[in-house]
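One structure is given here, and the rest of the page talks about it.
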Amino acid sequence: MSADVPQHLTGAGQTSEATASAAPRNVASSTVSMADASAPSIYLSWPGATQGLAIQAAMVDLDGTMVDTLGDFEVALNRMLAELQLPPVSREFISQTVGKGSEHLIRTVLAEQMRQASLTVCESSCPATQPEARYEQAWRSYQAHYHTINGQFAEVFAGVREGLQKLHVAGLPMACLTNKPQAHAEALLEALDLRQYFQLVFGGDAFPRKKPDPMPLLETARALRTPPQATLMLGDSSNDAQAAHAAGCPVLLVSYGYNHGEPIRAVSADGYLDSLSELVAAPLAG
Ligand SMILES: O=C(O)COP(=O)(O)O
Ligand SMILES: [Mg+2]
């Protein structure tokens, strides 16, 4: 295991606090076997696939792929903005900004709402205040509010439980790989009863770099002990696709998530799904 992988993220992480704190409720963890280089391949297909994929494990994105979290983002951001005496942000703006981690979301929203406030309050002659000067306060406020409401305004997308169940039944080891902070991701998966499907959960603060950098995918494949080319990324945005291409992983994209306001089919991928329930998974003989 390379020295740059935090110890709790190594293969031994299967039995570390991440898993121990999230004991499966419906599926016994002992029924979910760990992947290794000789793990059996699963053949995956979906409607419109000219050719399916032979894979040994999957990494599944969280926001926009499994869970519609726009409501949570909206409430936490607007409570933060109210504290900072800034105008509320629209759901549409959030949907185009989410996906690159909390830091990027807070910085972008702060800059936009400060710009709007300066236009309203002082027309064109406001004294310039740098968003960066308010970033630390905004970050603390946002994280506290998000922690309080996490999952209360979120919903699992239609077809997600069915799709994950199919992959689980086919014997596919899975990790949740998100840019959401680790603690929020773990709590959300638990609250929505999705944690049971994942041997591992890696948040945006689990590695030194986030998607679209390939590092989180390469380290997750390493932790799952499957080669990147046999480790599928299942996501909703160009972040996931870009990271997958750079890591050498196959990638499938869902059409209903948050792709920075751009059509998902314009993003290069091995395939596109309108619902995870469209997936067909079967063990590959031999
Ligand atoms: O940016 C976030 O917080 C979440 O993003 P992801 O779950 O789509 O990776
Ligand atoms: Mg996403």
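All residue numbers refer to positions in the sequence shown, counting from 1. Order of listing sets the numbers, starting from 1, for every ligand and every atom in it.
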Please note down the angle at the Mg ion (ligand 2) between O of Asp63 and OD2 of Asp61, to the nearest 10°.
->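 That angle is 80°.
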Which N, O or S atom of Asp236 lies nearest to the Mg ion (ligand 2), by name =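 Result for Asp236 and the Mg ion (ligand 2): OD1.
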Could you label the plane-to-plane angle of the Tyr146 and Phe73 rings as parallel, tilted or perpendicular, counting under 30° as parallel and over 60° as perpendicular?
->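 Tilted: the ring planes of Tyr146 and Phe73 meet at 30° to 60°.
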Tyr256 and Phe157 aromatic ring geometry - parallel, tilted or perpendicular at 30°/60° bounds |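 Judged by the thresholds at 30° and 60°, the geometry between Phe157 and Tyr256 is tilted.
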Does an N or O anywhere in [X] fall below 3.5 Å from an N or O of ligand 1?
X	value
Asp240	no
Phe73	no
Ser102	no
Gly101	yes

Between Lys100 and ligand 1, find which residue part has any heavy-atom pair under 4.0 Å and reply side chain, backbone, both or neither.
->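 Lys100 to ligand 1: backbone contact only, side chain stays beyond 4.0 Å.
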Is ligand 1 under 4.0 Å from a heavy atom in the side chain of Asn179, in the backbone, in both, or in neither?
->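 The part of Asn179 near ligand 1 is both the backbone and the side chain.
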Which atoms of ligand 1 sit under 4.0 Å from any heavy atom of [X]?
X	answer
Leu62	7 (O)
Lys180	2 (C), 3 (O), 4 (C)
Lys211	9 (O)

Sidechain N-carboxylate O distance under 4.0 Å for Asp274, Arg265 =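 Counted as a salt bridge, because a side-chain N and a carboxylate O are separated by less than 4.0 Å.
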Thr220 OG1 to Met215 CE distance, which is reported to the nearest 0.5 Å |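 Output value for this atom pair is 11.0 Å.
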Looking only at atom types and distance, does a side-chain atom of Tyr258 sit under 3.5 Å from a main-chain N or O of Thr69, one as donor and one as acceptor?
->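 Yes, because the side chain of Tyr258 sits within donor-acceptor range (under 3.5 Å) of the backbone of Thr69.
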Would you check whether Gly64 reaches within less than 4.0 Å of ligand 1, judged by its heavy atoms?
->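 Contact check Gly64 vs ligand 1: negative.
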Is there a side-chain contact between Gln196 and His168, using heavy atoms and a 4.5 Å cut-off?
->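 Sidechains of His168 and Gln196: no contact.
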Criterion side-chain contact (heavy atoms from CB on, under 4.5 Å) against Val89, the qualifying member of Leu110, Asn78, Leu105, Thr97 =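 Result: among Leu110, Asn78, Leu105, Thr97, Asn78 is the only option passing the side-chain contact (heavy atoms from CB on, under 4.5 Å) with Val89.
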